[in-house]
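The sequence lines fix the lettering, A, B, ..., with proteins before strands; numbering per chain opens at 1.
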There are 2 protein chains.
Amino acid sequence: MANIQEVADKAGVSVATVSRVLNKKSSVSPKTRVKVEAAIKELNYEPSMLGRNLRNSESRILLVLIPSISNPFYTEIINGIEDTALNSNYHILLCDTDSNPLRENIYLNMIKNKLADGVISMDPAVNKKRLNDLAKKYPIIQCSEYDDAGHIPHVTINNELAAYRAVKHLIMLGHKSIALINCDEKFLYARQRRQGYERALNEFDIPVRKEWIYNTDELLFENGIRAMRKLLQLETTPTAVFAVSDTLAIGALKEINENGLKVPEHIAVVGFDKISFSNMTNPTLTTVSQPMYQMGCVAVQMLINKIKGEDVESIILDHELIIRESTMG
Amino acid sequence: MANIQEVADKAGVSVATVSRVLNKKSSVSPKTRVKVEAAIKELNYEPSMLGRNLRNSESRILLVLIPSISNPFYTEIINGIEDTALNSNYHILLCDTDSNPLRENIYLNMIKNKLADGVISMDPAVNKKRLNDLAKKYPIIQCSEYDDAGHIPHVTINNELAAYRAVKHLIMLGHKSIALINCDEKFLYARQRRQGYERALNEFDIPVRKEWIYNTDELLFENGIRAMRKLLQLETTPTAVFAVSDTLAIGALKEINENGLKVPEHIAVVGFDKISFSNMTNPTLTTVSQPMYQMGCVAVQMLINKIKGEDVESIILDHELIIRESTMG
DNA sequence: GTGAAAGCGCTAACAT
DNA sequence: ATGTTAGCGCTTTCAC
C-alpha cells in the first residue's frame, strides 16, 4: 500500500500538501490539487487511519456496552446509535458484556488504551463504581439504565410513570388482582417500575400482595415461564400480570396457554419494550413502547458533545402504552 | 495520560526496557522489572494502542458484516465470533450493512484504511464483485452465505441437504401438498434450499407446483404473513409449509391461526434456524438447527489464520432437524 | 500557496 | 540485560 510520501513524490509536492488535499481544510491551488488527486488515483492510495489516529490522538471509535446482544430490546437502540455515529464519522464497537465483570473490564480498558474515544453504557449490571471513576476522566453516557446516585449524563424514560400507566390500564379494565413479574431489584429500572406498580394500586386502594410480586434473575423467556408457573400455583391467582419486559411477558403468555387458560379472558398480560416479536404472539401483546431508535441517536449526540468537551445534561424521553389483544381481546 | 517515556524516566531506564516489560517477550532482570512495574503503577500508565498499532501496522480489529442486527439468526453467530476473537486478542466491529451498498462501502473501506485487519461477511446481499476484488489483497472469510462462483473461503452448512431433510420429514408424515416459502432466489442459500425441496418431492414422485412456491423480499415476520395469506387464497391449499427461516415460519403460523386453522392438524409448518423464539410459539416450531455459535468460532479462526498468511480451506458444518409441535402435534 | 520538520507513542534492530 | 535510535503514516506549526 502506498503511503502519503509516495503520493507526494509522484505528484511532485510535499507531504504537507497531500495532507491538505486530503483534509480539504486549508487552501491548495487548483493546479496542485489536480496533480495530487491524479497521483492518489494512480497509486490507489488510501490514507492510513493508524497514522492519522495517532497523530490526532483519537480513534473515532465509540464503545457501546450491552448486557446481551440476544435481547431484542437493544437492537433498535443500536440502529439509532449506528446511524448517528456514522453520520458524525464515528464507528461503534459493540460490546456484549454478558453482564460479566471480566469481559466488561476488557472492554472498558479500551478507552484507557485510546482505542475508544467514549462509551455508551446500557448494561444495568455494570460496575457502577468503576464506571463513575472512569467518567471523571473519560466521556461516558448511560443509555436506558443509569445510576441515580452517580453523576454520569443519561438518556432514559420515566420508568415509574410508564409502569404506573400500564398498571392503571389494567385497573381501568376492572382488574384488582394484578401480579408483577419484575427483574432483580438491584437494577434501578426494576425498582422504579415496582414503584409505579405500587403507586397505581395504592391510588385505587388495592392492597399490594407480596406473593403476587415475582422477581427474576434475567429477562429471558424461560424466566417468564417460571414466574407464571409460580403465580398459577398460588391459592388465589391474579387476573392480570404486568411483566417488566416483553420477553418475560411472552414466557408468561406461553405458560398461561399451557395451562389451558385464555388471554385476556382469564388472565390479562402487559409487557414492556414493544420488541418486534410482541406483535407476532397470539394474542398480540399490550406493551409499553420506548423510543428506542431515538434513544440511541440522542445517546450518541450527547457522547459526541461530551467528547468535544461540552457540558451535557441528562434527557428523559417519552414513552407510550400500546394497547393490543392481551388486555383487550 | 502518561506515556512510555515518562515511565522510563521515572523508573530510570530506557523506553526499550519499558516496552520489554510491557510485552513480556525478551528478558528483563527481575530488579528492573520491579522498578518499571512500580513506575507504571505510580503513573497509572496505560499503553496507547494508537502508537502500538501504528508501529505494528495492525488494528487488531475484525470487521463483521451482517445485513441486519435485528435478525435473531445472527446473534448466536456473533456470540461465537466475539468469544473467539476476544480470546485471540482481537476486537470486532459489528457492521449492520442494512444490505445497503453505500453503508457496505463505508465499512469495507475500513480495511483499506487499516482500521480493520480482516472481514467476516455474512451479508447475502453483499456486492460479490467488490468482495472478491478486496479478497485478493485483504483477508476475508464468508460465513453462512457465500459466493459459489468466487474464491473466498467460507464456513457454512449444506443448505440443499438440510432443506431436503426438512421436506422429506413432511413427506414421511404423509404430506403431499407442501408449499415453500422462500426468500429471493438471488441469494445462493435460497436457490440451494429450493433445490433440496424439489429433490425431496421428486424422490417421492410428487409434482412441483409453481403456485406453492412463494418468494419473499426479506425474512421478516410480515413477509411470512403475506406469503401465507397468498397460499391460503389458492383454490387448493397446501397441507404443509416449509419456510426458509423461522421468522417467516412464525409469520405463517400467525396467519394460519388468524384464519381459524390449526397447526399441525390443518397445516404443518417447518422453519429454519432455530432462533430462540422458535420455542416460544404456540405450537412450538419444527426447524433446522444450524451450529451458529460454532460457525462464528470457526469463521474467526479461519480469518485469523488468513491474516497470518496461512492457506485456508472452506468448511461445511453439520445441521440438525429439530422436530417439535408444528409438525407433530 | 507550499515546503521543511517536529512529533504523536510505540517496537525492534542493532549496539553495547 | 539494557540503551540508542530509526521509523510506522500522518497532521500541523512555522517559515518563506
Side-chain angles (χ1 to χ4, degrees), chain A residues 1-40 43-61 89 109-117 138, chain B residues 1-40 43-61 89 109-117 307:
Chain A
M1 279 302 289
N3 62 21
I4 199 172
Q5 183 65 60
E6 297 174 48
V7 175
D9 292 349
K10 170 137 282 173
V13 299
S14 74
V15 293
T17 301
V18 178
S19 177
R20 288 188 185 103
V21 172
L22 252 29
N23 295 294
K24 307 193 197 308
K25 302 199 195 275
S26 43
S27 46
V28 178
S29 82
K31 269 188 243 169
T32 23
R33 156 163 289 116
V34 170
K35 272 195 301 184
V36 171
E37 279 165 352
I40 289 176
L43 292 171
N44 250 308
Y45 168 73
E46 300 274 350
S48 158
M49 290 305 163
L50 297 178
R52 177 177 293 174
N53 287 347
L54 173 59
R55 173 62 222 229
N56 291 345
S57 214
E58 62 174 12
S59 63
R60 297 207 79 80
I61 286 178
N89 210 10
N109 269 331
M110 296 181 70
I111 194 170
K112 291 192 174 178
N113 293 334
K114 298 269 185 189
L115 250 178
D117 295 344
Y138 305 99
Chain B
M1 278 299 290
N3 62 21
I4 199 172
Q5 184 64 61
E6 297 174 48
V7 175
D9 292 348
K10 169 138 283 176
V13 298
S14 73
V15 291
T17 300
V18 178
S19 177
R20 286 186 187 104
V21 171
L22 251 30
N23 295 293
K24 308 196 197 304
K25 302 201 195 275
S26 42
S27 45
V28 179
S29 82
K31 267 188 245 169
T32 24
R33 155 161 292 115
V34 171
K35 271 196 301 185
V36 171
E37 279 164 351
I40 288 176
L43 292 172
N44 251 308
Y45 167 73
E46 300 274 350
S48 158
M49 290 304 163
L50 297 177
R52 178 177 293 174
N53 288 347
L54 173 60
R55 173 62 222 227
N56 292 344
S57 211
E58 61 173 16
S59 63
R60 296 207 79 82
I61 286 179
N89 210 11
N109 270 331
M110 296 181 69
I111 194 168
K112 290 192 175 177
N113 293 335
K114 296 271 186 190
L115 248 178
D117 294 345
I307 290 172

Inset, instruction - If a protein heavy atom is under 4.0 Å from the base, mark B; if only from the sugar-phosphate, S; if neither, -; do that for nucleotides 6-16 of chain D going 5' to 3'. - result: BBBBBBBB---

Contacts under 3.5 angstrom, residues 18-25 of chain B side chains, donor-acceptor by atom type, not counting sequence neighbours:
residue	atom	partner	partner atom	Å
B:S19	OG	B:N23	ND2	3.3
B:N23	ND2	B:S19	O	2.9

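- Put simply, CG on B:N53 is 18 Å from P on C:dC8, counting in whole angstrom units.
- Residues passing the side-chain hydrogen bond (donor to acceptor under 3.5 Å, both in side chains) test with A:R60 are A:E58, sequence neighbours excluded.
- Scanning for side-chain hydrogen bond (donor to acceptor under 3.5 Å, both in side chains) contacts around A:N3 gives an empty result, with sequence neighbours left out.
- Listed by chain and residue number, nothing satisfies the salt bridge (charged side-chain N to carboxylate O under 4.0 Å, His left out) test with B:K35 (two or more places apart in sequence, or in another chain).
- At whole-Å resolution of the value, CD in B:E6 and C1' in C:dC10 are 14 Å apart.
- Whole-Å rounding puts the B:K24 NZ to C:dT11 C1' distance at 16 Å.
- Applying the side-chain hydrogen bond (donor to acceptor under 3.5 Å, both in side chains) test to pairs two or more places apart or on separate chains, none has a residue in residues 45-56 of chain A.
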